[in-house]
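Structure record follows, encoded as C-alpha cells.
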Amino acid sequence: VAFLDEADDQCLLHIDDVYGGGNAAYMEGNAQIKLGCITSLAVIYGGSKRANVGGDIVLNITSGHFDRIFGGNNESGLINGSITVNIEETGCHPITIGELYGCGNQAPYITPAGKADPTVNVKSFTSIGRIFGGGLGEGAVVTGNPTVNINEVVGKNASYSPWEYPGKTITFSEGNVTLPEHTAGAIGVIGEVFGGGNAADVKGNTTVNIGTAETVDYVSTAEKGIKVEGANILGNVYGGGNNADVSGNANVVVGRN
C-alpha cells in the first residue's frame with residue numbers, strides 16, 4: 001500500500017508521476033494507493049510504468065488536483081487482477097481532475113478469469129473534465145467490460161463557503177480539456193463521460209450508470225449509506241468511446257428503476 005500525505009501547508013509534495021506498481025519490475029501482490037492531504041499531482045497510475053502486476057489494483061482519490069488519473073499501467077505490462085477507482089472527496093482539499101481513466105495509458109488491460117471488470121466509482125468531488133471507462137491511446141485496448149458509476153453526494157469541501165472553483169483548461173498533446181466551474185455547496189460537476197476509451201478500443205461491453213443508486217458507501221472513511229443527490233454533467237454522455245470502437249454493447253442507464 002502506498003500512502004501519500006503532505007504534513008502541512010509548508011511541506012507540499014512536488015511530484016510528476018505516481019505509480020501503485022513498479023517501473024520495470026514484476027510486483028506479485030496487490031497495488032493500492034491511499035491519498036491523505038494532497039494539493040496537486042500531475043499524473044497518478046494505479047498500476048506500473050511498464051511491468052506486470054500480480055494482483056488487484058485499488059486507487060482511492062480523496063484530495064487534490066490531478067491532470068490525469070489512470071487506474072491501470074502506463075506504457076505496458078499485464079495486470080493479473082481487477083481495477084477499481086474510487087473518487088471520494090473526504091480529504092483536506094477539493095478534488096479536481098482533468099481526465100479520469102478506468103484503465104491504462106497506452107497499456108492494454110485484459111480482465112482475468114474470475115476477476116471483476118474495471119470499475120470507476122465517482123461519488124464526491126468538485127470538478128472533472130472528462131471520464132473514460134477505458135484507456136488512452138491505441139495501445140490501451142481493454143478486453144473486458146468497463147463500468148462507470150456516477151452517484152454523487154456533496155463532497156467534504158463543497159460547502160466551504162469562501163471557496164469557489166473558477167474552472168481550468170489543461171493542454172495535453174492530444175488536445176485541451178476544460179474542467180467546469182463549480183459553485184460552493186453543490187455536488188461536483190463533470191464535462192463529458194465516455195463508457196469506453198479515448199482512442200482506445202474496448203473488446204467487450206461498456207456501461208455508464210448515472211444516479212442509479214439510492215445511497216453510496218465510502219471506502220476512505222467509515223461513512224455508509226450516504227444519500228445520493230444525483231449527477232451534474234454539463235456535456236454529453238456516451239456509452240461508447242471517443243474515436244474508439246466498442247465490440248459489444250454500449251449501455252447508458254440514467255436514474256433508478
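The figures that follow rest on heavy atoms only: side chains count, while hydrogens, waters and symmetry mates do not. As the structure is a computational prediction, the values presented were derived from the model and not from experiment.
Sorted by first and then second residue, the pairs that involve residues 77-96 and meet salt bridge (Lys or Arg N to Asp or Glu O under 4.0 Å), not counting sequence neighbours, are Glu88-Lys123. Annotation: ring pair (Phe, Tyr, Trp, His ring centres under 6.0 Å) contacts involving residues 125-152, sequence neighbours excluded, comprise Tyr101-Phe132, Phe132-Phe194. Residue pairs meeting the salt bridge (Lys or Arg N to Asp or Glu O under 4.0 Å) criterion with at least one partner in residues 231-248, sequence neighbours excluded, do not occur; the list is empty. Within the structure, ring pair (Phe, Tyr, Trp, His ring centres under 6.0 Å) contacts touching residues 139-158 (residues at least two apart or in different chains) do not occur.
Looking at Ser127, its side chain does come within 3.5 Å of a backbone N or O of Pro180 through a donor-acceptor pair. Judged purely by atom type and a 3.5 angstrom limit, Thr206 has no side-chain atom pairing as donor or acceptor with the backbone of Gly196. Side chain of Asn151 to backbone of Ala213: a donor-acceptor contact under 3.5 angstrom is found. In this structure a side-chain-to-backbone donor-acceptor pair under 3.5 Å is missing from His182 to Tyr165.
The hydrophobic cluster containing Val189 also includes Leu234, under a criterion of side-chain heavy atoms closer than 4.5 Å among ILVMFWY residues, counted directly or through chains of members.
Nearest heavy atom pair, residue Ser82 against residue Ala116, reads CB-O, 3.4 Å. When all heavy atoms of Pro112 and Ile79 are compared, the closest pair comes out as CG-O, 3.7 Å.
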For residues 166-175, which side-chain N or O atoms pair as donor and acceptor with protein atoms under 3.5 Å away, sequence neighbours left out?
| unit_1 | atom_1 | unit_2 | atom_2 | d |
| --- | --- | --- | --- | --- |
| Thr169 | OG1 | Thr178 | OG1 | 3.3 |
| Thr171 | OG1 | Asn176 | OD1 | 3.0 |
| Glu174 | OE1 | Arg68 | NH1 | 3.4 |
| Glu174 | OE1 | Arg68 | NH2 | 2.9 |

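To the nearest 0.5 Å, atoms CD1 (Ile95) and CD1 (Ile61) are separated by 7.0 Å. Note that the CD atom of Glu152 and the CD1 atom of Ile150 stand 7.0 Å from one another [nearest 0.5 Å]. With rounding to the nearest 0.5 Å, the separation of CG in Asn73 from CD1 in Ile83 is 7.5 Å. If you take CG on Asn198 and CG on Leu136, they are separated by 5.5 Å, rounding to the nearest 0.5 Å. In this structure, the separation between CG on Asn60 and OG on Ser220 is 6.5 Å, given to the nearest 0.5 Å.
With sequence neighbours excluded, the residues satisfying side-chain contact (heavy atoms from CB on, under 4.5 Å) with Ile226 are Val153, Val216, Tyr218, Glu223. With sequence neighbours left out, Glu75 forms a salt bridge (Lys or Arg N to Asp or Glu O under 4.0 Å) with Arg50. The side-chain contact (heavy atoms from CB on, under 4.5 Å) search around Ser247 returns Lys203, not counting sequence neighbours. Scanning for side-chain contact (heavy atoms from CB on, under 4.5 Å) contacts around Glu138 gives an empty result, with sequence neighbours left out. Among residues two or more places apart in sequence or in another chain, the side-chain contact (heavy atoms from CB on, under 4.5 Å) test is passed with Asn249 by Asn205, Asn251. Take Thr111 and apply the side chain to side chain donor-acceptor pair (under 3.5 Å) test, not counting sequence neighbours, and it matches Asp117.
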- [ ] Test Val122 against Ile128 for side-chain contact (heavy atoms from CB on, under 4.5 Å), laying out the working first.
- [x] CA-CA 10 Å; Val122 180; Ile128 302 175; 4.2 Å; yes
- [ ] Run the numbers on Ser63 and His93 for side-chain hydrogen bond (donor to acceptor under 3.5 Å, both in side chains), then give the verdict.
- [x] CA-CA 5 Å; Ser63 171; His93 295 295; 5.2 Å; no
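Hydrophobic clustering places Val237 together with Leu100 (ILVMFWY residues linked when any side-chain heavy atoms are closer than 4.5 Å, directly or through intermediates).
Tested against Ile190, the residues Ile97, Ile131, Asn232 include a single side-chain contact (heavy atoms from CB on, under 4.5 Å) partner, Ile131.
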